[in-house]
Amino acid sequence: MARQKFEQLHYQYFNGTQPTTIVLIHGAFCDSDDWDLVVSYFPNHHLLIPDNPGHGLTAKLESLPFSVDLAAQKIANLITTHAKHGKAHVVGHSLGAHIAIRIATKYPGVVDTALVSGYEVYPGLSGPALPYMLWTMNKFNDAMPRPLVRLAMNGTDLRRGKPNPFSLYQQIAAESTNIWPERWPARTLVIAAGLGGWLIPSADHPEDAKKLAAIGVKGNAPKLFADTVVAWSEGKDLHPNFVAL
């Protein structure tokens with residue numbers, strides 16, 4: 001593993017001699033380290049894992065505000081310059097899923113396939129109170145004992161968040177979450193997580209997944225996630241637990 005900077009975007013890369021590139025795009029209020037549980041399951045793929053604008057080392061070392069458009073542009077440029085043959089299989093989770101779809105829509109030439117999880121559309125979710133709500137949810141998660149988090153999240157542990165300035169909550173809240181993307185050409189798999197916590201709502205909405213694509217899966221094991229990415233990128237059969245929505 002090594003860390004590099006490209007166009008104000010800090011990123012990790014792994015397995016630089018492998019012939020095929022996968023890009024992993026993290027969600028809101030975290031950074032590229034959130035993929036550390038799945039990295040070891042991609043020994044045969046070149047990985048590029050950026051810290052999105054406003055997140056991680058990109059936030060600490062660069063004056064780069066967050067927006068989905070800016071993140072998509074920077075990551076597309078990263079793929080063009082550092083991915084094998086200038087193309088990649090693009091994977092995004094939650095807010096990263098929105099970035100991945102924006103890349104596939106605006107920069108289709110850099111995307112071999114796409115795989116997204118946690119893509120949600122929230123009509124009517126906006127207004128001046130939204131940044132405070134996001135901030136409160138993050139602080140609530142950080143304050144909870146980890147055993148209680150695992151109980152509340154149906155066995156899943158959420159790592160404590162890293163400090164973020166309130167301006168990032170404002171920038172993310174300003175992003176439109178009620179507009180569906182335009183059509184894009186890349187073959188795309190959408191995963192809708194069927195399991196969610198009883199205390200912190202985390203299950204995806206299948207209707208959103210149906211609108212974005214046609215397939216969902218239950219579960220969140222790192223190896224299953226990595227195997228799904230590889231199978232999808234190589235056109236192989238998916239795990240039998242996948243259910244057509």
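When reading the values below, keep in mind they use all heavy atoms of this one structure, side chains included, and skip hydrogens, waters and symmetry mates. All residue numbers in this chain count up from 1 along the given sequence.
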Summary of side-chain hydrogen bond (donor to acceptor under 3.5 Å, both in side chains) pairs that have at least one residue in residues 40-49, sequence neighbours excluded: T21-H46

How long is the straight-line distance from [atom2] of [Y] back to [atom1] of [X], given to the nearest 0.5 Å?
{"X": "H89", "Y": "I79", "atom1": "NE2", "atom2": "CD1", "result": "11.0 Å"}
{"X": "K223", "Y": "T228", "atom1": "NZ", "atom2": "OG1", "result": "9.5 Å"}
{"X": "K74", "Y": "Y11", "atom1": "NZ", "atom2": "OH", "result": "13.5 Å"}
{"X": "F29", "Y": "S94", "atom1": "CZ", "atom2": "OG", "result": "9.5 Å"}
{"X": "Q171", "Y": "N164", "atom1": "CD", "atom2": "CG", "result": "10.5 Å"}
{"X": "L48", "Y": "L24", "atom1": "CG", "atom2": "CG", "result": "9.0 Å"}

Taking all heavy atoms of [X] and all of [Y], pick out the closest pair and write down the distance.
{"X": "T81", "Y": "F6", "result": "OG1-CZ, 3.2 Å"}
{"X": "A231", "Y": "L238", "result": "CB-CD2, 4.2 Å"}
{"X": "C30", "Y": "G27", "result": "SG-O, 3.3 Å"}
{"X": "P131", "Y": "A173", "result": "CG-CB, 3.7 Å"}
{"X": "P53", "Y": "P65", "result": "CB-O, 3.4 Å"}
{"X": "A104", "Y": "V111", "result": "CA-CG2, 3.9 Å"}

Between W184 and T188, is a side chain to side chain donor-acceptor pair (under 3.5 Å) present by the stated rule, with each step listed? CA-CA 9 Å; W184 65 93; T188 302; 2.7 Å; yes

Which pairs pass salt bridge (Lys or Arg N to Asp or Glu O under 4.0 Å) with one or both residues in [range], sequence neighbours excluded?
{"range": "residues 16-26", "answer": "none"}
{"range": "residues 4-17", "answer": "K5-E62"}
{"range": "residues 82-98", "answer": "K87-D112"}

Can you check whether [X] reaches [Y] side chain to side chain, under 4.5 Å on heavy atoms?
{"X": "L115", "Y": "F225", "answer": "yes"}
{"X": "F42", "Y": "V230", "answer": "yes"}
{"X": "T20", "Y": "S233", "answer": "no"}
{"X": "V39", "Y": "I49", "answer": "yes"}
{"X": "V110", "Y": "Y107", "answer": "yes"}

Determine whether a donor-acceptor pair (N or O, by modelled atom type, separation under 3.5 Å) exists between the side chain of N52 and the backbone of F66.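 Not confirmed, N52 side chain does not pair with F66 backbone.
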
Closer than 3.5 angstrom, by distance alone: can the side chain of T58 be matched with the main-chain N or O of H10 as a donor-acceptor pair?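 Side chain of T58 to backbone of H10, a donor-acceptor pair under 3.5 Å: yes, one is there.
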
Quick one about D51 and Q12 (side-chain donor to acceptor, distance below 3.5 Å, no hydrogens or angles considered), yes or no? no

E182 and T105 side chains, donor-acceptor separation under 3.5 Å: no

So, D33 and R3, do they make that salt bridge, N to O below 4.0 Å?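 Judged by the 4.0 Å cut-off on N to carboxylate O distance, D33 and R3 do form a salt bridge.
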
What residues form a side-chain contact (heavy atoms from CB on, under 4.5 Å) with S67, not counting sequence neighbours?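 Counting only residues at least two positions away or on another chain, S67 forms a side-chain contact (heavy atoms from CB on, under 4.5 Å) with D69, L70, E175.
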
Members besides L57 in its Ile/Leu/Val/Met/Phe/Trp/Tyr cluster (side-chain heavy atoms under 4.5 Å): L61

Quick one: do I22 and V90 satisfy side chain to side chain contact (heavy atoms under 4.5 Å, CB included)? Show the steps, please. CA-CA 6 Å; I22 293 174; V90 179; over 6 Å; no

H55 pairs by side chain to side chain contact (heavy atoms under 4.5 Å, CB included) with which of I172, L64, D34?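 For H55, the side chain to side chain contact (heavy atoms under 4.5 Å, CB included) test succeeds with only one of I172, L64, D34, which is I172.
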
Given V91, I75, V116, the one that forms side chain to side chain contact (heavy atoms under 4.5 Å, CB included) with I25: I75

In this structure, are over 12 heavy atoms from other groups packed under 6.0 Å from F166 atom CZ? yes

Working note: Y13 + H82, criterion side chain to side chain contact (heavy atoms under 4.5 Å, CB included); need CA distance, chi angles, decisive distance, verdict. CA-CA 10 Å; Y13 71 89; H82 291 290; over 6 Å; no

Centroid-centroid distance, Y119 to H93, less than 6.0 Å: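 No, they do not, as the ring centres are separated by 6.0 Å or more.
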
